[in-house]
*Asks:* 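What follows is a single structure, and I will ask about it in a moment.
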Amino acid sequence: MMSDSPPRSTRRRALKLLTGACTALALPGLGFAQVAARDPKNQYAPKVLDLVQRSLVIDMLAPLKLDFRPEAYAQPLTDSEAAMFRSCGITGFHNSVGVGGSGAYDDALQFIAAWSGFVGRNTEVFSLVGKAADLDHAKAKQKIAVIMGLQNADEFREAKDVKAFFEIGLRCAQLTYNTQNLVGSGSTERVDGGVSDYGVEIIKAMNEVGMLVDVSHSGAQTTLDAVEISPKPIAFTHSNCRALNDHPRNKTDEAIRKLAAKGGVMGITGVRNFVKNKEPTTVEDIVDHIDHVVKLVGIDHVGIGSDSDLMGYDHMPADQYQQLKAGYKNTYAFRDKIDTDGFNHPRKVYDLTAALIRRGYSDANIQAVLGGNFRRLLGSTWAA
């Protein structure tokens with residue numbers, strides 16, 4: 001998510017608002033009875049609870065808080081927030097926002113400093129991720145692992161900035177957001193000229209340091225170019241299938257095939273207007289996108305990228321919610337709700353798991369979708 005690139009003054013104001021915007025920890029090491037005790041309403045079947053508890057769940061686009069205020073990262077984590085994170089079933093959160101325009105460099109530094117500080121001040125719940133093994137360690141220690149990311153490449157003023165950002169913790173970056181930048185075109189641009197010569201330099205620099213290339217918001221040609229140019233596999237961390245819903249943020253079958261051929265992984269998102277263009281829109285429709293990727297390229301190339309925090313967009317204060325919606329072009333086609341029914345609450349991964357079981361997915365394949373595929377991708381791409 002995040003809005004199209006505004007002028008610097010607006011972007012600076014927006015970043016202060018949007019620094020909060022934008023698997024598997026069901027408490028590893030605990031016995032099943034203890035895990036089941038965290039489902040007091042008996043909402044989920046024992047198999048669902050067990051599968052999530054055993055899995056490494058990674059949400060490859062999951063801002064820690066959808067809160068536009070600086071207080072979101074400045075204030076301590078409350079007891080209720082800590083309990084929500086501990087019981088959500090997700091181990092890895094890719095905490096990422098969009099920055100852009102002339103202030104992107106400073107805004108990106110502010111975002112990384114602010115949220116790294118937040119994680120550091122709440123180490124009883126969170127741990128920062130520097131390498132793929134940190135995800136495994138977090139699960140073993142009953143922690144929430146936080147991957148720092150950015151949804152643009154405007155923060156890179158030159159190719160050498162890639163290494164500098166990697167050294168302060170950035171592990172994933174999109175090449176473009178919705179609009180044109182020096183690297184390539186965004187998904188809502190009228191014309192997509194593909195990856196530029198400068199963009200080739202940025203992709204090379206990202207591969208050299210071991211930073212994941214993401215093109216979730218990139219245009220169709222920029223997406224195809226990035227897959228071809230990068231010697232390592234890349235990701236669509238939070239996109240859906242255009243074959244099921246003709247939305248500019250969704251990916252074509254051609255792009256999905258080429259991503260998979262290079263070993264990449266696509267995270268399916270729960271943003272309502274990306275999932276389906278009519279009502280009802282439920283978690284079952286999210287699984288339709290997973291099914292489509294699996295039938296097209298196999299189980300090894302699909303995961304989760306919810307593009308939401310644990311509460312969801314529709315829980316935001318009304319003024320912040322309207323400001324968020326107003327930041328996008330009409331082609332985004334927002335409806336009354338942004339979140340998908342059944343995938344709009346802190347334990348949404350349990351509902352998704354239950355839906356995958358109903359579709360007949362094996363335990364091993366469900367674990368691959370929940371996080372195993374992204375764990376493999378991060379292990380291979382983060383190596384310099």
Side-chain angles (χ1 to χ4, degrees), residues 23-28 32 35-36 39 42-62 88-92 94 135 139 233 235-245 250-251 253 256-257 259-261 263-271 274-276 280-308 340-379:
T23 44
L25 179 64
L27 306 168
F32 178 75
V35 176
D39 184 28
N42 296 315
Q43 183 175 357
Y44 302 107
K47 182 175 181 179
V48 173
L49 296 173
D50 178 61
L51 256 178
V52 175
Q53 191 263 334
R54 289 190 288 113
S55 301
L56 176 65
V57 183
I58 302 172
D59 188 336
M60 273 305 290
L61 203 291
C88 72
I90 302 170
T91 295
H94 177 205
L135 291 158
K139 179 164 177 65
F236 310 156
T237 61
H238 57 299
S239 293
N240 288 350
C241 306
R242 193 170 294 191
L244 300 186
N245 184 20
N250 291 342
K251 299 302 182 185
D253 284 358
I256 297 168
R257 287 191 183 98
L259 175 83
V265 179
M266 176 177 182
I268 299 302
T269 173
V271 173
F274 302 165
V275 175
K276 197 176 177 182
T281 305
T282 73
V283 69
E284 297 293 340
D285 298 306
I286 293 176
V287 179
D288 286 345
H289 286 269
I290 294 173
D291 280 350
H292 184 78
V293 177
V294 171
K295 292 173 183 175
L296 192 67
V297 297
I299 192 68
D300 294 333
H301 304 286
V302 64
I304 305 166
S306 69
D307 198 2
S308 173
T340 291
D341 298 344
F343 205 64
N344 55 352
H345 58 87
R347 305 196 81 191
K348 58 192 173 187
V349 70
Y350 291 90
D351 289 72
L352 179 64
T353 299
L356 289 168
I357 292 171
R358 288 194 295 272
R359 293 288 177 98
Y361 282 82
S362 69
D363 289 6
N365 285 348
I366 291 173
Q367 290 185 294
V369 172
L370 292 180
N373 290 335
F374 270 124
R375 170 62 178 86
R376 182 190 69 251
L377 178 69
L378 297 177

*Asks:* Tell me every residue that passes side chain to side chain contact (heavy atoms under 4.5 Å, CB included) with Glu284, counting only those two or more places apart in sequence or in another chain.
*Replies:* Thr282, Ala355, Arg358, Arg359
*Asks:* Kindly give the heavy-atom pair with the smallest separation between Ala368 and Ile299, and that separation in Å.
*Replies:* CB-CG1, 4.5 Å
*Asks:* For a quick test of reading the model, state the closest non-hydrogen atom pair linking Lys251 to Phe236 and the distance between them.
*Replies:* CG-CD1, 3.6 Å
*Asks:* Which pair of heavy atoms, one from Val283 and one from Phe343, lies closest together, and at what distance?
*Replies:* CG2-CD1, 4.4 Å
*Asks:* Is the shortest heavy-atom distance from the side chain of His94 to the side chain of Phe374 under 4.5 Å?
*Replies:* no
*Asks:* Tell me whether Asn240 contacts the main-chain N or O of Asn250 through its side chain, where contact means a donor paired with an acceptor under 3.5 Å.
*Replies:* no
*Asks:* Under 3.5 Å, is there a donor-acceptor pair between the side chain of His238 and the main chain of Thr269?
*Replies:* no
*Asks:* Got His345 and Asp351 here, is their nearest side-chain heavy-atom distance under 4.5 Å?
*Replies:* yes
*Asks:* Just how far is it from atom CD1 of Ile357 to atom OG1 of Thr353, taken to the nearest 0.5 Å?
*Replies:* 6.5 Å
*Asks:* From Ile90 CD1 over to Tyr350 OH, what is the distance, rounded to the nearest 0.5 angstrom?
*Replies:* 9.5 Å
*Asks:* Checking the side chain of Asp307 only, and the main-chain atoms of Leu61 only, is there a donor and an acceptor separated by less than 3.5 Å?
*Replies:* no
*Asks:* Using modelled atom types and a 3.5 Å cut-off, is there a donor and acceptor pairing between side-chain atoms of Thr340 and backbone atoms of Gly270?
*Replies:* yes
*Asks:* Could you check whether any side-chain heavy atom of Leu51 comes within less than 4.5 Å of a side-chain heavy atom of Gln367, counting everything from C-beta outward?
*Replies:* yes
*Asks:* Salt-bridged, Asp363 to Arg54, with N to O below 4.0 Å?
*Replies:* yes
*Asks:* Report the residue from Val287, Ile304, Val293, Asp288 that forms a side chain to side chain contact (heavy atoms under 4.5 Å, CB included) with Ile268.
*Replies:* Val293
*Asks:* Short question: side chain of Asp59, backbone of Ser306 - any donor-acceptor pair under 3.5 Å?
*Replies:* yes
*Asks:* Please find the pair of heavy atoms, one from Val265 and one from Arg376, that lie closest to each other, and give the distance.
*Replies:* CG2-NH2, 3.9 Å
*Asks:* Shortest non-hydrogen contact from His289 to Cys241?
*Replies:* ND1-N, 3.1 Å
*Asks:* To the closest 0.5 Å, what do you measure between NZ (Lys139) and OG1 (Thr91)?
*Replies:* 5.0 Å
*Asks:* Output all residues satisfying side chain to side chain contact (heavy atoms under 4.5 Å, CB included) with Asp253, sequence neighbours left out; order by chain, then residue number.
*Replies:* Ala243, Ile256, Arg257, His292, Leu296
*Asks:* Out of curiosity, Leu244 CG to Ile286 CD1, how far, rounded to the nearest 0.5 Å?
*Replies:* 12.5 Å
*Asks:* Side chains of Tyr361 and Asp291 only: does a donor on one sit below 3.5 Å from an acceptor on the other?
*Replies:* yes
*Asks:* Identify the two heavy atoms, one from Val297 and one from Ala260, that lie closest to each other, and give their separation to 0.1 Å.
*Replies:* CB-CB, 3.5 Å
*Asks:* With sequence neighbours excluded, tell me which residues meet side chain to side chain donor-acceptor pair (under 3.5 Å) with Asp341.
*Replies:* Arg272
*Asks:* Any sub-3.5 Å donor-acceptor pair from Lys276's side-chain atoms to Pro280's backbone N or O?
*Replies:* yes
*Asks:* With the side chain counted from C-beta on, respond yes when Asn365 and Val294 share a heavy-atom pair under 4.5 Å apart, and no when they do not.
*Replies:* no
